[in-house]
There are 2 protein chains.
Amino acid sequence: MEPARKQTGAQTSSGGRPRSPRIQQAILKAAVDLALESGFRAISMDDIAARANVGRMTIYRRWCNKAAIVMDAFVARVDPGTLFLPAQSYTESIRLQMRSMAKLFRGKDGALIRALLAEAQFDPRLAVELRDRWTMPRRKMAIAYFQQGIKDGFLRPDVDPDAMIDILYAPIYYRLQMGTGPLSDAYVDEIFAHAMKGLRKV
Amino acid sequence: MEPARKQTGAQTSSGGRPRSPRIQQAILKAAVDLALESGFRAISMDDIAARANVGRMTIYRRWCNKAAIVMDAFVARVDPGTLFLPAQSYTESIRLQMRSMAKLFRGKDGALIRALLAEAQFDPRLAVELRDRWTMPRRKMAIAYFQQGIKDGFLRPDVDPDAMIDILYAPIYYRLQMGTGPLSDAYVDEIFAHAMKGLRKV
DNA sequence: ATGGATACGATACAGCTCGTATCGATCCGG
DNA sequence: CCGGATCGATACGAGCTGTATCGTATCCAT
């Protein structure tokens with residue numbers, strides 16, 4: 001029901017005192033620190049303002065709620081990462097990419113995306129932001145990599161790359177949220193191996 | 001930080017006026033109806049009390065927050081369902097079970113579990129409830145069915161049933177939350193088929 | 001340099017929700 | 001028939017939200 005963010009750089013363009021980038025960073029850091037310390041739900045805009053030593057209006061001028069702040073901070077944190085790096089083999093590169101994502105989720109970023117994904121279930125605008133700035137960019141990269149793998153004969157030509165993404169990566173999100181077990185490298189390897197070779201006995 | 005439920009049937013046993021089961025049902029129905037109409041986040045305890053024609057204290061005597069109410073209502077709604085029914089073949093029964101879960105998620109119960117799963121990310125007690133009363137019972141059933149399938153030679157003997165569950169069912173949860181596409185039977189069939197035969201070209 | 005325009009910290013305000021407390025009335029069991 | 005817990009209703013303090021306003025600070029254009 002609430003807007004997920006106000007307007008990223010909409011500063012009516014000309015005239016007046018420009019917004020301080022130093023304050024911007026202070027707010028982002030305060031929001032992330034507090035969210036990791038006390039939990040996203042427990043903190044308020046007041047808390048963030050107090051921690052960042054800024055007025056509450058200064059925050060509301062840029063973001064409309066704490067989810068939008070954490071969203072910006074999260075994207076800035078993880079943006080340079082999670083690519084398909086070259087490995088010993090084509091499929092090995094996929095496995096390592098899955099591992100790096102699991103490692104990300106085990107750390108602080110895991111707590112952040114857990115909160116963002118949950119919050120997005122109640123905030124349609126945040127859901128769009130999360131899809132546009134986190135989910136879809138990574139899916140597009142994966143699709144391109146998988147299509148290349150199909151062309152090169154490493155992957156079955158009759159698979160939909162979208163379904164392939166879901167089979168490989170959805171379990172990582174699932175375990176992040178459900179807590180049915182540790183998000184370990186061993187788990188990732190298991191998902192990868194079984195998904196690659198199939199579950200049916202031949 | 002907040003308790004997920006108070007005590008299910010703790011009515012100090014003897015003496016005094018017993019709690020009305022009619023009121024219990026009215027509250028559960030009011031909570032679900034309102035959550036589906038306006039969204040879980042938008043409704044308050046006051047709204048539920050008003051819709052159920054009940055005092056707010058009457059609700060707080062039984063549940064400690066709206067998530068606990070919706071949790072009870074959800075479990076009561078879907079409890080008799082989602083079993084592995086006999087089909088033309090062993091694996092076909094798995095596919096049909098996945099379809100029935102997707103169908104559940106497409107309907108009103110999908111909206112409910114979406115809210116509960118999201119809320120559980122912020123409420124540890126609710127997370128335990130959700131795992132004990134929804135997730136684990138179904139995982140246990142699936143594990144038993146898969147172990148039988150391994151013994152009967154339908155499934156690879158070197159798969160961990162837990163990993164198998166995640167590969168098959170996590171994509172359904174993923175799409176429910178991410179909205180990367182429709183939760184259609186065609187999608188379920190695709191996940192099932194690819195997971196069964198594997199992604200790697202042989 | 002000077003004035004217009006905006007950001008900034010601080011404070012106040014109404015509205016909503018929560019959780020608890022309390023009231024008299026109701027209803028059940030011993 | 002009487003103790004005891006539930007019931008609807010109401011009130012209360014506390015916290016958070018979103019907006020408004022004040023005086024000050026800072027930048028851009030003239």
Side-chain angles (χ1 to χ4, degrees), chain A residues 1-28 30-31 34-35 38-70 119 122-123 125-126, chain B residues 1-28 30-31 34-35 38-70 119 122-123 125-126:
Chain A
M1 292 300 176
E2 287 302 317
R5 87 188 320 219
K6 200 143 279 180
Q7 60 272 32
T8 308
Q11 199 176 344
T12 28
S13 58
S14 68
R17 175 178 174 177
R19 291 181 184 169
S20 161
R22 202 190 113 274
I23 288 177
Q24 189 90 358
Q25 295 307 315
I27 296 172
L28 290 175
L34 282 174
S38 315
F40 176 82
R41 179 65 71 86
I43 67 175
S44 68
M45 294 293 255
D46 280 281
D47 297 333
I48 298 172
R51 173 72 69 103
N53 287 313
V54 299
R56 225 149 41 91
M57 269 310 295
T58 303
I59 299 183
Y60 276 112
R61 226 187 306 272
R62 304 164 191 238
W63 299 278
C64 55
N65 56 42
K66 53 181 176 174
I69 306 175
V70 174
E119 198 69 9
F122 305 119
D123 184 342
R125 291 215 220 179
L126 178 66
Chain B
M1 294 298 177
E2 287 302 317
R5 86 187 323 217
K6 200 144 280 180
Q7 59 273 33
T8 309
Q11 197 176 346
T12 30
S13 59
S14 68
R17 175 177 174 177
R19 290 182 184 168
S20 162
R22 203 192 112 273
I23 288 176
Q24 188 91 357
Q25 295 307 314
I27 296 172
L28 290 174
L34 282 174
S38 314
F40 177 81
R41 179 64 70 88
I43 67 175
S44 68
M45 294 293 255
D46 281 280
D47 297 332
I48 298 173
R51 173 71 69 102
N53 286 314
V54 156
R56 224 150 41 93
M57 267 310 295
T58 302
I59 299 183
Y60 276 112
R61 226 187 306 271
R62 304 166 191 236
W63 299 278
C64 55
N65 57 40
K66 54 181 175 173
I69 307 175
V70 173
E119 198 70 9
F122 305 120
D123 183 343
R125 292 215 221 178
L126 179 65

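Please read all numbers here as calculations on a predicted model, not as lab measurements. Chain letters run A, B, ... following the sequence lines, proteins first and then strands; every chain starts at 1.
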Atom-to-atom span, CH2 of B/Trp63 to C1' of C/dC18 - whole angstrom: 18 Å
Could you list the protein-to-nucleotides 24-30 of chain D atom pairs, N/O on both sides, closer than 3.5 Å?
residue	atom	partner	partner atom	Å
D/dA25	N3	A/Arg17	NH1	3.1

Inter-residue atom distance B/Asp47.CG - B/Arg56.CZ, 0.5 Å rounding: 10.5 Å
Spacing of CG belonging to A/Asn53 relative to OG1 belonging to A/Thr58, to within rounding of 0.5 Å: 11.5 Å
Of the candidate nucleotides D/dT6, D/dT19, C/dA21, which contains the atom at the shortest distance from the side chain of B/Met57? C/dA21
Heavy atoms, side chains only, cut-off 4.5 Å: are A/Arg62 and A/Ile23 in contact? yes
Rounded distance [0.5 Å steps], CG in B/Leu34 versus CD1 in B/Ile69: 10.0 Å
Taking CZ from B/Arg61 and P from D/dA9, how many angstroms apart are they, rounded to a whole number? 13 Å
Measure from CD1 on B/Ile59 to C1' on C/dC18 and round the result to the nearest Å. 13 Å
Could you give the CZ-to-P distance, from A/Arg62 to D/dG18, as a whole number of Å? 18 Å
Donor on one side chain, acceptor on other, A/Arg19 and A/Gln24, under 3.5 Å: no
To the nearest angstrom, how far is B/Gln24 atom CD from D/dA5 atom C1'? 16 Å
Do the side-chain N or O atoms of A/Thr58 get closer than 4.0 angstrom to the phosphate oxygens (OP1, OP2) of C/dA7? no
Quick one: which of D/dA20, C/dC8, D/dC7 gets closest to the side chain of A/Ile23? C/dC8
What contact category does A/Asp46 fall into here, base, sugar-phosphate, or nothing, at under 4.0 angstrom with non-hydrogen atoms? base
Do the side chain of B/Arg56 and the base of C/dG19 come within less than 3.5 angstrom through a donor-acceptor pair of N or O atoms? yes
What is the distance from CG of B/Asn53 to C1' of D/dA9, rounded to the nearest Å? 13 Å
B/Met57 side, atom CE; B/Met45 side, atom CE - distance, nearest 0.5 Å: 10.5 Å
Mind calculating the distance between OH (A/Tyr60) and C1' (D/dT21) to the nearest angstrom? 17 Å
In whole angstroms, how far is the C1' atom of C/dG9 from the CZ atom of A/Arg51? 19 Å
For the residue pair A/Leu126 and A/Asn65, establish whether any side-chain heavy-atom pair is separated by less than 4.5 Å. no
